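Written below as structure tokens is the structure these notes are about.
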Amino acid sequence: MTTRSDKRRRMKEFLRQIAIELCGGLLQVGSKPFLLAEAPAVVIAPHQDDETLACGGLIARKRNEGLPIHVIFITDGSASHPGHPRFAPPALAALRRQEAMSALACLGVERSAVRFLDEPDGTLNAITAGHREALIGRLALELRQIGPAELFLPCNPDGSSEHDATFGFVMEALARLPRQPVVWQYPVWSWWNPVLLLRRWLASKDCHRLPLEDYRQHKQQAIRCYQTQIAPLAPDANPALPAKLVEIFLADTEFFFRYEPPTPSP
């Protein structure tokens with residue numbers, strides 16, 4: 001028997017899917033081609049999977065052309081399955097690290113170009129002032145050593161407190177560098193909240209699209225490495241990531257918004 005709550009849930013899912021498709025169409029027609037820069041790049045990922053979902057095609061294309069790219073993970077990913085009866089947070093963090101290395105290997109990234117800062121997952125929006133300063137210092141040191149010409153990080157806002165906090169940390173770290181890279185924002189959870197994505201598109205003067213072409217298979221293979229996220233982790237009945245969300249990232253185009261710092265008030 002179909003209940004009223006079931007009908008509401010199905011209607012909500014239907015409306016969300018329509019909005020996602022509308023936003024995807026708007027981004028496709030309202031964006032410019034993304035041109036790969038022949039220079040070092042860094043992808044900042046709050047969790048193990050964000051880099052592959054949003055930037056897997058970009059990473060694979062850059063690596064195939066011999067361009068250096070580094071990936072920095074902020075959290076340990078241990079909060080994706082709270083209270084799981086088989087995997088305590090340390091075990092889950094170790095498993096997600098293995099998945100990340102496997103996924104990045106599919107995309108052509110060397111182990112030496114991957115950094116794990118191992119911040120406790122689920123705590124980024126509530127850390128102390130001292131902890132925040134230490135994390136920003138670590139980020140600034142990593143970025144200073146790499147010296148990227150481009151930097152990719154989640155949109156702000158992106159519908160995730162961890163992603164939004166990461167954006168703030170990175171902006172403060174960049175302010176301490178002698179040279180500023182070009183900053184690109186990538187959407188992850190804002191796809192699941194199309195209002196956020198629509199606002200980002202309307203507010204941005206510089207949205208770019210990257211066709212995956214022959215690199216789509218590399219990205220799909222990399223996404224499959226994240227079994228803890230895209231498949232149920234028994235005895236759970238549902239995966240951590242909604243299947244419809246994962247489908248978005250299996251498409252043939254990635255989108256990036258060039259970040260423009262706010263103009264200082266006179």
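Below, each value reflects all heavy atoms present in this structure, side chains not excepted, and no hydrogens, waters or symmetry copies. Quick caveat: nothing in here was measured; it's all calculated off a predicted structure.
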Walk me through whether Ile74 and Leu139 qualify under side chain to side chain contact (heavy atoms under 4.5 Å, CB included).
CA-CA 9 Å; Ile74 304 298; Leu139 271 171; 3.9 Å; yes
Passes side chain to side chain contact (heavy atoms under 4.5 Å, CB included), Leu233 versus Leu92? Steps please.
CA-CA 11 Å; Leu233 191 61; Leu92 189 57; 4.2 Å; yes
Given Arg10 and Lys7, is the side chain to side chain contact (heavy atoms under 4.5 Å, CB included) satisfied, shown in steps?
CA-CA 5 Å; Arg10 291 176 183 175; Lys7 291 181 179 179; 5.9 Å; no
Does the side chain to side chain contact (heavy atoms under 4.5 Å, CB included) test come out yes or no for Ile69 and Val109, once each step is laid out?
CA-CA 7 Å; Ile69 189 161; Val109 179; 4.2 Å; yes
His47/Gln229 under side-chain hydrogen bond (donor to acceptor under 3.5 Å, both in side chains): CA gap, chis, key distance, verdict:
CA-CA 11 Å; His47 310 97; Gln229 306 305 300; over 6 Å; no
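Annotation for Glu38: atom CD does not count as buried by contact number, only 12 or fewer foreign heavy atoms lying within 6.0 Å. Within a 6.0 Å sphere centred on CD of Gln217, other residues, nucleotides and ligands contribute 12 heavy atoms or fewer. More than 12 heavy atoms of other residues, nucleotides or ligands lie within 6.0 Å of CG in Asn64, so this atom counts as buried by the packing criterion.
Checking side-chain atoms of Asp158 against main-chain N and O of Trp189 turns up a donor-acceptor pair under 3.5 Å. With hydrogens and angles ignored, the 3.5 Å screen pairs no side-chain donor or acceptor of His163 with any backbone N or O of Leu153. Listed for the His81 side chain is a donor-acceptor partner under 3.5 Å among the backbone atoms of Thr228. The closest donor-acceptor contact from the side chain of Thr128 to the backbone of His131 lies under 3.5 Å.
A 4.5 Å side-chain heavy-atom check between Arg115 and Phe73 finds every atom pair outside the cut-off. Side-chain contact between Val182 and Arg258: present, with at least one pair of heavy atoms (C-beta onward) separated by less than 4.5 Å. Looking at heavy atoms from C-beta onward, Glu247 lies in side-chain contact with Lys244 at the 4.5 angstrom threshold. Put simply, the side chain of Phe255 does not reach to within 4.5 Å of the side chain of His208, judged on heavy atoms. With contacts defined as side-chain heavy-atom distances shorter than 4.5 Å, the pair Trp184/Leu151 does not qualify. A 4.5 Å side-chain heavy-atom check between Glu119 and Arg138 finds at least one atom pair inside the cut-off. Side-chain contact between Lys219 and Phe249 is present, with heavy atoms from C-beta onward closer than 4.5 Å. The side-chain heavy atoms of Tyr226 and Val246, taken from C-beta on, include no pair separated by under 4.5 Å.
Remark: of the listed residues Asp76, Thr75, Asp121, Asp121 is the sole one forming a side-chain contact (heavy atoms from CB on, under 4.5 Å) with Arg96.
Residues that satisfy the side chain to side chain contact (heavy atoms under 4.5 Å, CB included) test with Leu177, not counting sequence neighbours, are Leu143, Arg144, Leu174, Gln180. The salt bridge (Lys or Arg N to Asp or Glu O under 4.0 Å) check on Asp206 picks up Lys32, with sequence neighbours excluded.
Listed here is the closest heavy atom pair of Leu210 and Gly57: CD2-C, 4.2 Å. Residues Asp164 and Pro157 come closest through the heavy atom pair OD1-CA, 3.3 Å. Pro89 and Ser78 make their closest contact through O-CB, 3.4 Å (heavy atoms, listed as atom of the first residue, atom of the second, distance). Across all their heavy atoms, Ala37 and Lys62 have their closest contact at O-NZ, 3.0 Å. Taking each heavy atom of Cys207 and Leu27 in turn, the nearest pair found is SG-CD2, 3.9 Å. Here the closest non-hydrogen pair linking Leu107 and Gly56 is CD2-O, 3.5 Å.
Put simply, CG on Leu22 and CD on Gln17 are 11.5 Å apart, with the number rounded to the nearest 0.5 Å. Atom CG of Leu124 sits about 7.5 Å away from atom OG of Ser161, to the nearest 0.5 Å. Once rounded to the nearest 0.5 Å, the distance linking CZ of Phe257 with OG of Ser190 reads 7.0 Å. Note that CD of Glu51 and CG of Leu58 are 11.5 Å apart. Values are rounded to the nearest 0.5 Å. Here the CD1 atom belonging to Ile248 is positioned 10.0 Å from the CG atom belonging to Leu53, to the nearest 0.5 angstrom. A distance of 4.5 Å separates CZ in Arg200 from CD in Gln185, rounded to the nearest 0.5 Å.
Hydrophobic clustering places Val43 together with Ile223 (ILVMFWY residues linked when any side-chain heavy atoms are closer than 4.5 Å, directly or through intermediates). Under the 4.5 Å side-chain heavy-atom criterion for grouping Ile, Leu, Val, Met, Phe, Trp and Tyr, Phe14 is not connected to Val195 through any hydrophobic cluster. In the hydrophobic cluster analysis, where Ile, Leu, Val, Met, Phe, Trp and Tyr join through side-chain heavy atoms closer than 4.5 angstrom, Phe256 is grouped apart from Val170. Grouping the Ile, Leu, Val, Met, Phe, Trp and Tyr side chains by contacts below 4.5 angstrom, directly or via other members, places Val114 apart from Ile72. Trp201 and Trp191 fall within a single hydrophobic cluster, where Ile, Leu, Val, Met, Phe, Trp and Tyr side chains are chained together by heavy-atom contacts under 4.5 Å.
A salt bridge does not link Glu254 with Arg61: every distance from a Lys NZ or Arg NE/NH1/NH2 to an Asp or Glu carboxylate oxygen is 4.0 Å or more. Ion pairing of Arg224 with Glu99 is absent here, as no side-chain N (NZ or NE/NH1/NH2) approaches a carboxylate O to less than 4.0 Å. Between Arg9 and Glu13, at least one side-chain N (NZ, or NE/NH1/NH2) sits under 4.0 Å from a carboxylate O, which counts as a salt bridge. Salt-bridge formation is detected for the pair Arg97/Asp118: a Lys NZ or Arg NE/NH1/NH2 atom is positioned less than 4.0 Å from an Asp or Glu carboxylate oxygen.
Remark: Arg209 is not positioned above the aromatic ring of Phe34, lacking an NZ or CZ atom under 6.0 angstrom from the ring centre and at most 45 degrees off the axis.
Tyr186 and Phe152 have their aromatic ring centers separated by at least 6.0 angstrom.
In this pair, His218 and Tyr215 present their aromatic rings tilted. The plane angle is within the 30 to 60° band.
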